[in-house]
Trainee: 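For reference, the structure I am asking about is given below.
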Amino acid sequence: MKKICRTLILAALAAFFLLTTVSIVPAAQQGGFYAGVFGSLVMPDDLDINDGNGEIGLDDSFGLGIKGGFIIPQNPWLAAELEYTYLGEQDFDNTIVSGDFSAHNFMANLLFRYPHEKIHPFIGAGIGFSKGTV
């Protein structure tokens, strides 16, 4: 039942964000700099322990981030982007280990965009690093 509720909440949030987005077509067509903020709900599965001691339960958490990029005016098919995401604390408890986990993630991305029409699909690749604390 818990998994079904999580799935329904995630689907409702996804539908909300997809249906309430603001069009940025004029800014995207002109090229130049852009910035954004985003958030996420993190619902991890429990971690299985290989030596037979069961599993470690993880609580739900959140993610918050900012990003900024540049659409190349001479080639609107390409954009370069920097991104930072903070993953909020996730509590975990078990007979062997207990504590909290959080992470800071930094990414540099290159996006290949389709800058025409109302919908702007893109695919990207990037490199980054993450610093986690327990």
Trainee: How are the rings of H104 and Y86 set relative to one another: parallel (under 30°), tilted (30 to 60°) or perpendicular (over 60°)?
Mentor: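 Tilted.
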
Trainee: Can you hop from L64 to Y84 via hydrophobic side chains spaced under 4.5 Å?
Mentor: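 Both belong to a single hydrophobic cluster.
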
Trainee: For residues G88 and S61, report the shortest heavy-atom separation together with the two atoms involved.
Mentor: O-OG, 2.8 Å

Trainee: Using only atom types and a distance under 3.5 Å, with no angle test, would you say the side chain of S102 pairs donor to acceptor with the backbone of L87?
Mentor: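 Not confirmed, S102 side chain does not pair with L87 backbone.
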
Trainee: Shared ILVMFWY cluster between I66 and F62, side chains joined below 4.5 angstrom?
Mentor: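 Same hydrophobic cluster.
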
Trainee: Donor-acceptor pair, distance only, cut-off 3.5 Å: does the side chain of R113 make one with the backbone of P121?
Mentor: no

Trainee: Looking at CG of L82 and CZ of F106, how far apart are the two atoms once the value is rounded to the nearest 0.5 Å?
Mentor: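 Between L82 CG and F106 CZ, I get 11.0 Å after rounding to 0.5 Å.
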
Trainee: So how far is it from F122 CZ to L78 CG, rounded to the nearest 0.5 Å?
Mentor: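 So the CZ of F122 and the CG of L78 are separated by 13.5 Å.
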
Trainee: Take M107 and I127 through the test side chain to side chain contact (heavy atoms under 4.5 Å, CB included) and record every step on the way to the result.
Mentor: CA-CA 6 Å; M107 293 289 296; I127 188 167; 6.0 Å; no

Trainee: Looking at the rings of W77 and F112, which for Trp means the six-membered one, are their centres under 6.0 Å apart?
Mentor: no

Trainee: Do L111 and E81 make a side-chain contact, defined as non-hydrogen atoms from C-beta onward lying under 4.5 Å apart?
Mentor: yes

Trainee: Mind checking whether Y34 and I71 have side chains closer than 4.5 Å, heavy atoms only?
Mentor: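 Heavy-atom side-chain distance check passes, below 4.5 Å.
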
Trainee: Supply the atom-to-atom distance E83 CD to F38 CZ, rounded to the nearest 0.5 angstrom.
Mentor: 4.0 Å

